[in-house]
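These notes are about the structure you will find just below.
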4 protein chains.
Amino acid sequence: MKKVEGVFAPIATPFGADGTIDFGRYAENLAKFDKTGLAGIVVLGSNGEFTMLSHEEKLDLIAAVRKGMSADKVVIAGTGCESLKETVDLTKGAADRGADVALVINPCYYKRDLTESTIENFFIAVAEKSPIPVMVYNMPGNSGINLSSALVTRLSAHGNIVGVKDSGGNIVQISEIIAGVPSDFSVFAGSGSYLFVTTVLGGKGGTLAVANVAPDICAEIYALCSRKEYDKARKLQLDILQLNACVTSRYGIGGMKAAMDLAGFFGGAPRLPLQPANNVMVKDIRTQLEKLGLLGKYRT
Amino acid sequence: MKKVEGVFAPIATPFGADGTIDFGRYAENLAKFDKTGLAGIVVLGSNGEFTMLSHEEKLDLIAAVRKGMSADKVVIAGTGCESLKETVDLTKGAADRGADVALVINPCYYKRDLTESTIENFFIAVAEKSPIPVMVYNMPGNSGINLSSALVTRLSAHGNIVGVKDSGGNIVQISEIIAGVPSDFSVFAGSGSYLFVTTVLGGKGGTLAVANVAPDICAEIYALCSRKEYDKARKLQLDILQLNACVTSRYGIGGMKAAMDLAGFFGGAPRLPLQPANNVMVKDIRTQLEKLGLLGKYRT
Amino acid sequence: MKKVEGVFAPIATPFGADGTIDFGRYAENLAKFDKTGLAGIVVLGSNGEFTMLSHEEKLDLIAAVRKGMSADKVVIAGTGCESLKETVDLTKGAADRGADVALVINPCYYKRDLTESTIENFFIAVAEKSPIPVMVYNMPGNSGINLSSALVTRLSAHGNIVGVKDSGGNIVQISEIIAGVPSDFSVFAGSGSYLFVTTVLGGKGGTLAVANVAPDICAEIYALCSRKEYDKARKLQLDILQLNACVTSRYGIGGMKAAMDLAGFFGGAPRLPLQPANNVMVKDIRTQLEKLGLLGKYRT
Amino acid sequence: MKKVEGVFAPIATPFGADGTIDFGRYAENLAKFDKTGLAGIVVLGSNGEFTMLSHEEKLDLIAAVRKGMSADKVVIAGTGCESLKETVDLTKGAADRGADVALVINPCYYKRDLTESTIENFFIAVAEKSPIPVMVYNMPGNSGINLSSALVTRLSAHGNIVGVKDSGGNIVQISEIIAGVPSDFSVFAGSGSYLFVTTVLGGKGGTLAVANVAPDICAEIYALCSRKEYDKARKLQLDILQLNACVTSRYGIGGMKAAMDLAGFFGGAPRLPLQPANNVMVKDIRTQLEKLGLLGKYRT
């Protein structure tokens, strides 16, 4: 099995003028990412607008990512859905299309029904039925539910659950997870703003919106930590905080896609009702990219 | 156009042992509801586990409800999805299958992108493209986003937006909506626990989980208010508070389905990962039903 | 014992240019309130800036209110502090100065320590030691802690706890309290925006910031409900929603004091760091007062 | 001026059986802390139950700490109150009694009035009037208000504001503060669970409940980071997570005081209504102390 370690980009889904997926642009982005220091791609993460896509579109995107990336790059596919049945179906489909790992978010709509034990049973059931290793995806900002360190620690004992992507940003929770899980369990930062501290604590990398825009800087932060060059890593981390905010908390998906366009990838507009970044946002994003020397860096 | 007024049951979706929809049981429940004082049925509400269902299952359920209810009963179909495209497609499909009104929840996953203006544009776009009138669905407990009274008031000016179902339970917000919308705009309570106060304030009824279990009591509360018999309505309202809690905040979907079974409808188990009510819950539910004389009341 | 029923103004504390309490202005306001339909005054409520005042200032204010109001008007004094000792001391001091009832907010700073049972013990201890009846004060918007309907229902069994002021605005919680407490327990609305529905449900009145500005309208809403003239009461309730928002959620203490100045009472500036309303706020407040015919109404 | 750097214990306030402060026990604790690696003491922090104390008790405690600690140890006094006037009075009193720095929490009761600009004005006014340097205290868990990184960064430009204690635990916010403030501005971790990551990012130390129980381990984490021995520091950090939880989020003030008793300091019971730890809690705390070799370590 491939190691689930390093920095991953949760790749954006490009749409054409008619609202359908533009697979040509997608392939171009993939070719560029393949040459960076990224360990691989997360397809159908939150930044891939997975809730906006049909089951068929999702399967096609997984196949395209596997085809577009070198064999040594790891492909992680987001396969969590509200029902167990659809999650298992999609996970099997992802495995068939070459995904190495399934990244599974917890169901979240029925918040009163989704107790910790119900969610635990859900992850166990998915892990039992999945042909590929499962990574737990905690995304409380969007899902409204937090997966506690105690829950993740318990899940880490299952042989087919190999890691967690924690996008909650609670560094104490991340610390507790690292202190409690086996040493080969991959604890990933879910945002570029705490990649450095997660790694210093013993995390194995991250899946970061900002890696869609600044893949090499993100990969470098992780590499520097691996070489124990913490002061350099720390400086890079502080340098990217503002850009990271632009493509996450400040301007969302629209901001991230605008930043991709400015950096030389194809971003385009999100699927409606999500909106592209407006001029004020683009100006801020451009400023942050300029400071980091990223304006047009990935243009071919 | 039919009047959107009175009490509606957000009908549960019955599943068989193999996890597929049991349309036979569904028809039996519909036949029973058709004889009650309910004004109609909401199909694909939160209590119908709509996020657990495929597009095709949703269309089949709408058709079944229309077929199962008398022509004078109003059929409201939940058609909100995360993307505008899927929402419009499902709304058109619902209209084709005889739904009278589309109940549209706001997209909610991308909380940072879904500003009030983005959500407003979403509802306007759906209303423009929908062949049937649209009702706005505010469900902050599950969606994590509240639709403000100012937003709902602005939306009420659109010719094809005819009402709101507010499940937030903020009675000040409901009061502000009633004070701000046209008098023929239908403001619905989204839970049986505030049906009485919503109606006394000038609301037009409600869509209530507890109406799946106690349809006639709920309809009676509304009817009493219409006849200005407020003291009797008030007493019934206070009487059903505990049962209402059992089928909503206390035990969720599993609790509601267990209560349906005990009252004489078919409830069954929710779709996984949701769990059926356990014995402790069932005991509490049974006690509440007994107090109201509802145990087995709808058994045939 | 006097009946704790009807509408109360949580009187503002007027400050002079030097930041000390202006007792002359206070007496003038009291004289005006004494001639309205209010059942009495709440001194040292949240709107009285009680957290900004020293123990001595608090005692002086209670004495001034008792002196300034007719004997038949009920004086309720806010006496809750973070420690039990200070709460009991202040409650005894309030009784000595003629307060009829002590309104006790729960301690709230140590949120992790203040479990429901710890808070329950606190209220029981205060009630045991208080020479005057105690009213429980739930103010989650400021305290960050909600007192559940189950807790309030349990507390209502204590002989020296005679009511609750619920400023949380959760009408289901208020309904559950009314359904669970003895019929002579006074359930008060804590804001003018839900005075009508609380009363229709069986509540006994309210303590309302807006009663500092529109005392007679508020008293009239309650009187109309007592006479079962619900349609008139409902209309008045909807009419005051915007003014109520201006003096509570929209502009806070500064807004309420500005509204008092415009209505003909003395409001003045709050104690620092709280700020007076700015011009934009004052304009909005003036508009709302004009609509209700309250501009200068209480000027002498 | 003394450097504000290193690890501080937010010293507990010991109460006798009659509920008054036990200054003898306090002096004994101080004598023990004076011999540890701590940089100094925070008196009247949240863990000192400052909201439970009178103005006079507060002044006496500050004097006792100054008297009980060596001259080279830094004394930081918590002086924030709800009103500006009382805050300034207490700050001046603290300076008179030898406090080196004033730790000022923002007012928090009137959450609707306390906008970011009102809070900013408050801190500026305190800093202008304080005879000693001011440290900003962010404690959203208790206050319900978070001080943003933008606000703290702006405040760091004031000549008499020398640092921030951030107890929010949001490591991204702490990172943004460190990236934005002058290099001599002291950014302190507010809990022992993120002392290591705060220090690795460039913070200057922390004020930690757990330093009341494990002062030397906490000081060692900071010292190791200063010597760039990150792997050792990381290990100690992970080791104290469970004990840290016991004396903060898990069992609150009561838990911290019980842990002090077990470690050999005097803890005793908190002031009512706060409760001492129960037997179940004590057992957990004892287990954690044993693992770290702290049981009775500071007994004389």
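These values consider heavy atoms only, across backbone and side chains, with no hydrogens, waters or symmetry-generated copies. Chain naming here is simple, since letters A, B, ... match the order of the sequence lines and numbering starts at 1 in each.
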Honestly, the part of D:Leu114 sitting under 4.5 Å from a heavy atom of chain C is side chain
Check whether [X] reaches the backbone of [Y] with its side chain - one donor and one acceptor, N or O, closer than 3.5 Å.
X	Y	answer
D:Gln173	D:Leu147	yes
D:Asp261	D:Gly267	yes
D:Arg112	C:Tyr251	no
D:Thr87	D:Cys81	yes
D:Asn212	D:Ala9	no

Between [options], which residue shows the highest count of heavy-atom pairs closer than 4.5 Å to chain D?
options	answer
C:Asp113, C:Leu84, C:Leu53	C:Asp113
C:Glu86, C:Lys111, C:His55	C:Lys111
C:Leu272, C:Thr51, C:Asn106	C:Thr51

Engaged part of [X] at the chain D interface, taking heavy atoms whose separation is under 4.5 Å:
X	value
C:Ser46	both
C:Phe123	neither
C:Ile105	side chain

Distance-minimising heavy-atom pair for C:Met260 and C:Phe266: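 Heavy atoms only, the tightest pair is CE-O, 3.8 Å.
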Of all of D:Arg250, D:Glu82, D:Glu49, which one pairs up most often with chain C through heavy atoms under 4.5 Å apart?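 Winner by heavy-atom pair count: D:Glu82.
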Top residue by heavy-atom pair count (under 4.5 Å) with chain C, among D:Pro270, D:Ser249, D:Gly254? D:Ser249
Within a reach of under 6.0 Å around NZ of C:Lys85, are more than 12 heavy atoms found that belong to other residues, nucleotides or ligands?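 No, not enclosed.
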